[in-house]
Amino acid sequence: MDLNLTPTELGFRDQVRAWLAANVPADWEKHRTEDEMLARFEFLRDWQKKVFQAGWAGIAWPKEYGGRGATLMEQVIFTEEMARAGAPPLANVLGLMLIGPTIIAFGTDAQKKRFLPNILSADEIWCQGFSEPNAGSDLANVRTEAKLDGDHYVINGQKVWTSYGWAADWCALLTRSDPNSAKHKGLSYILVDMKSPGVEVRPLRQLTGESEFCELFFRDVRVPAENVLGQVGDGWNVALGTLMHERATLGAGMQVAFKRQFDRLVELSHTIQRNGHTAAEDPVMRQKLAQSFIEIEIMRLNQMRAITRINQKGVPGPEGSIQKIFWTELNQRFQQVAAELLGPYVQLTKGDRAIDDGGWAYSFLRTRGNTIEAGTSEIQRNIVGHFVLGLPKSY
Amino acid sequence: MQFGLTETQTTLKNTVRKFLAAECPPAEVRKQMETETAFDAALWRKIAEQGWTGIIFPEEYGGFGMGMVEMAATLEEMGRALLPGPFSSTVLLAGSLVEAAGNDGQKKQYLGSICRGEAKATVALLEDSASWSRDAVQMKATGLTLNGRKLFVPDAAVADFLLVVARMDGDLAVFVVPSNAKGLRITNLPAMDATRKLYEVTFDNVAAELLAHGSHARAALDRALDIATVGLVAEMTGGMQRLLEITVEYAKTRKQFGRAIGEFQAVQHQCADMLVYTESSRSAAYYAAYAIQEGIPEARLAVSVAKAYASDAYREVGNRAIQVHGGMGFTWENDVHLFYRRAKASEVAYGDAAFHRERIAKVVVDGKVGSAEEEKVLATDAHG
Ligand SMILES: Cc1cc2nc3c(=O)[nH]c(=O)nc-3n(C[C@H](O)[C@H](O)[C@H](O)COP(=O)(O)OP(=O)(O)OC[C@H]3O[C@@H](n4cnc5c(N)ncnc54)[C@H](O)[C@@H]3O)c2cc1C
Ligand SMILES: Cc1cc2nc3c(=O)[nH]c(=O)nc-3n(C[C@H](O)[C@H](O)[C@H](O)COP(=O)(O)OP(=O)(O)OC[C@H]3O[C@@H](n4cnc5c(N)ncnc54)[C@H](O)[C@@H]3O)c2cc1C
């Protein structure tokens, strides 16, 4: 066991830290409401451009496609330092975390050249068109049709819950290319230009009040056949690659973000009153704060073990499901602790009296999505039960 | 960065597993727990021959000189096998305390005999208050004479000597007392986990030898408790691992409604939760071991994180193991309850989850980082 960073990694971390210290914009954490969402997104896109130009986007991606050609560990360090510095997230989150790595794994050289640099520079924003009204947890039930017509595929169908669909230039679309197939066979993973005629985007308002996700409609949308990623008919395996990345990587910066939130909550606990003394002096709140600290810390340790495993085996495995169960459920418990500590103040969403601009109210609501997006907790437990523990498939 | 066992550490762990599978299978555990002391001299000799009684101690005292991570790997296997008897009390608790508190001569004598497998030992710390806080120690030493009562002393009846924590001139002191000392009475406290016996020990004008006094004694006690706690958390992880394996195996083979019960999600998801608890405890246990080994500043915090988490986790894993076994899980014959009993004994040993959460709060909420601050607080408590 050796948890120290190598001298190279330490040097890299110091470089990242110094750059972030000089470049992270102050006081950017507003623009949460619906009317401000677009402005916020443009701000985040500019920020990513700046990060890209400084050479920090795609740390572990190959140099020839605009990446830094560095190690996974350095990617993790960068993500952690971003969160530690309270830097804004990068706008093209799905392109960077999920779709880019899938293109690196399955793409042709031409596809890599065409798509990867623009993902890094945020010139092309991506969304992930997997879920459909009748294909959520049962993703293999995808019905959106892709029919070959000459050298094009013609796409018809509907996607739903597509995050950033309204901002996206491109969509990683899971389609059924063989109409006579069922379930995992006969699917194809196609890269679709969102400006193609026949694509319609309808924002869906979510529980938090904003419209981060959308419905997508495809009516006779023509896509060049060369935009299929991986083999025609092998879309399930390509999609699975994305899902594994999703589970393995979503947590990385999250842990540090939770820790920052935790530190802020502790700060608040010294001023907020509970039962005639500060929350920090309240024995019940102390227990709950400590429990949140324990869980956030164990998330960090689990993550280090997971990264060690990816480094040894090269790819994320079904163990990512353990991580996903752990961090999503801990976040829900943590936000409840925060809500208890803030008491009546947690309800306030904006205005002078709202603590931290209503950020806690937003987090409390947003965290309910954690155990649904990227595969529900029930599906993760099915995966753990079947693929990790070897129990019979339950469905 | 590499968070996992090295090849040599894995080899050691496998060696311990094989050794215990041969020397201490479940039938043997049951045999020993039915005895008065849960101690088997022949097994102890074999463990000593492997060098494990000196595992973390310097070679100059007859030890094996290994690190905390190796210790954790060994203890994980011992917990998995539910090894009965005085290993932890002798080696981790008493051994570490002698190492940290004693002078060279005392280490040669007491630690040496532990390392060589010649002596068993234990620590008498808790009193009627049953508090793991150092300030709760009330028993007084008048000069080198002890009077009073200690409770929950593990394995006292097989110990050759006892380390006793008492108050001398208002501050903590650590003494050593041979178990055949005049005025010493050792009485069994019948308890849930029969694989490790607990005792009440009374002192009636017992003559003692001083190991350490004041800040030296306090620091030594902290160190010994930290090491013993890490060992315990590793053991707990091993116990959880075994419960998980037994339960998954049962869920695969037991059929109801024409199929394996493991196919029902209500069962499968309980197994998945058991895995999450087990792996998370493992992360916490090995990190704490590593932190002590490397002497990193947050080591004590890491120990509390691990113990608080595992205390809840082992019980939760046990709850699920019993549940999935149905009626079988409620029988004496099935091994699950043996682990469940051990889980409860482990939960309350060296401070339960609530105790360690409060310790964590002192650091992360009150900002009392480092032990210097804590030393100050305790010193005022002791003298004021
Ligand atoms: C905030 C957010 C962002 C999202 N972003 C995207 C995106 O960008 N792109 C995209 O493609 N999708 C996205 N999704 C969709 C998400 O992947 C799906 O919502 C999720 O997979 C669940 O599918 P569903 O909503 O159809 O629920 P259902 O599958 O209908 O599930 C309903 C309930 O039944 C349970 N259930 C279903 N099957 C089983 C089973 N076999 N065993 C046990 N329980 C079961 C589920 O766990 C759940 O509790 C997003 C969702 C959210 C909430
Ligand atoms: C203290 C005690 C007293 C008892 N007294 C009596 C008595 O007086 N008379 C008598 O006849 N019986 C008695 N029983 C037996 C008791 O009714 C059974 O143990 C119980 O019905 C479970 O059956 P099982 O033990 O075969 O477990 P199993 O049926 O094998 O169940 C094992 C596990 O699988 C789960 N499981 C099984 N099927 C499903 C499913 N379809 N969906 C989800 N989960 C499932 C169960 O919930 C359980 O967790 C007693 C049991 C106990 C513990």
Side-chain angles (χ1 to χ4, degrees), chain A residues 1-6 9 73 76-77 262-263 265-266 269-270 279-281 283 285-295 297-309 311-312 319 321-323 325-326 329 377-378 380-386 388-395, chain B residues 1-6 9 67 69 244-245 247-248 251-252 259-265 267-276 279-284 286-291 293-294 296 298 301-302 304-306 308-309 312 353-354 356-367:
Chain A
M1 242 175 112
D2 178 9
L3 305 184
N4 295 308
L5 299 180
T6 65
E9 287 163 352
M73 195 56 217
V76 170
I77 292 170
F262 177 82
D263 292 343
L265 192 61
V266 165
S269 76
H270 288 281
E281 293 167 310
M285 280 325 305
R286 291 171 71 80
Q287 286 283 314
K288 292 188 178 192
L289 283 169
Q291 183 61 27
S292 290
F293 177 86
I294 289 165
E295 295 179 11
E297 175 66 2
I298 288 181
M299 175 182 174
R300 181 176 77 88
L301 305 177
N302 283 345
Q303 208 123 266
M304 284 199 277
R305 284 179 65 203
I307 292 165
T308 302
R309 221 171 296 139
N311 272 335
Q312 283 163 353
E319 307 90 350
S321 292
I322 299 177
Q323 279 290 82
I325 293 169
F326 193 86
E329 297 180 2
S377 283
E378 290 73 29
Q380 307 300 343
R381 284 185 167 81
N382 291 344
I383 292 171
V384 170
H386 180 59
V388 182
L389 297 176
L391 291 166
K393 217 165 179 207
S394 65
Y395 51 94
Chain B
M1 187 202 68
Q2 205 273 108
F3 193 140
L5 298 181
T6 62
Q9 288 164 343
V69 176
L244 173 68
E245 287 165 19
T247 305
V248 167
K252 282 178 186 168
R259 46 196 146 146
I261 54 167
E263 201 174 320
F264 301 118
Q265 286 188 348
V267 169
Q268 196 169 111
H269 289 190
Q270 297 201 58
C271 294
D273 286 339
M274 291 169 75
L275 179 71
V276 174
E279 290 300 346
S280 300
S281 299
R282 182 170 283 128
S283 301
Y286 282 94
Y287 178 67
Y290 174 82
Q293 177 66 41
E294 299 293 307
I296 68 170
E298 311 84 38
L301 191 60
S304 281
V305 164
Y309 186 83
D312 289 336
H356 283 279
R357 282 192 292 259
E358 176 54 29
R359 228 171 79 152
I360 290 166
K362 283 214 170 64
V363 178
V364 304
V365 179
D366 304 340

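Every chain is numbered from 1 and lettered A, B, ... according to where its sequence line falls, protein lines coming before strand lines. Keep in mind the model is a prediction, meaning the values are calculated, not measured.
- The shortest distance between side-chain heavy atoms of A:Asn311 and B:Gln2 does not fall below 4.5 Å.
- In this structure, the portions of B:Val276 lying under 4.5 Å from any heavy atom of chain A include both its backbone and its side chain.
- In this structure, A:Arg305 fails the cation-pi test against B:Tyr286, since its NZ or CZ atom is not both closer than 6.0 Å to the six-membered ring centre and inside 45 degrees of the ring normal.
- Heavy atoms closer than 4.5 Å to chain B are found nowhere in A:Lys288, neither backbone nor side chain.
- The side chain to side chain donor-acceptor pair (under 3.5 Å) check on B:Lys252 picks up nothing, with sequence neighbours excluded.
- The heavy-atom pair separating A:Ile298 from B:Ala284 by the smallest distance is CD1-CB, 4.0 Å.
- Annotation: the span from B:Ser283 atom OG to A:Met299 atom CE amounts to 12.5 Å, rounded to 0.5 Å.
- Nearest heavy-atom pair, B:Gln268 versus A:His386, reported as atom, atom and distance to 0.1 Å: OE1-N, 4.0 Å.
- Counting heavy atoms from C-beta outward, B:Leu275 and A:Ile322 have side chains that approach closer than 4.5 Å.
- By the side chain to side chain donor-acceptor pair (under 3.5 Å) test, A:Gln287 is found to be paired with B:Arg357, residues two or more places apart in sequence or in another chain being considered.
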If you apply the rule side chain to side chain contact (heavy atoms under 4.5 Å, CB included), what do you find for A:Phe293 with B:Val363, and how did you get there?
CA-CA 11 Å; A:Phe293 177 86; B:Val363 178; over 6 Å; no

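- Side-chain contact between A:Glu297 and B:Tyr287 is present, with at least one heavy-atom pair separated by less than 4.5 Å.
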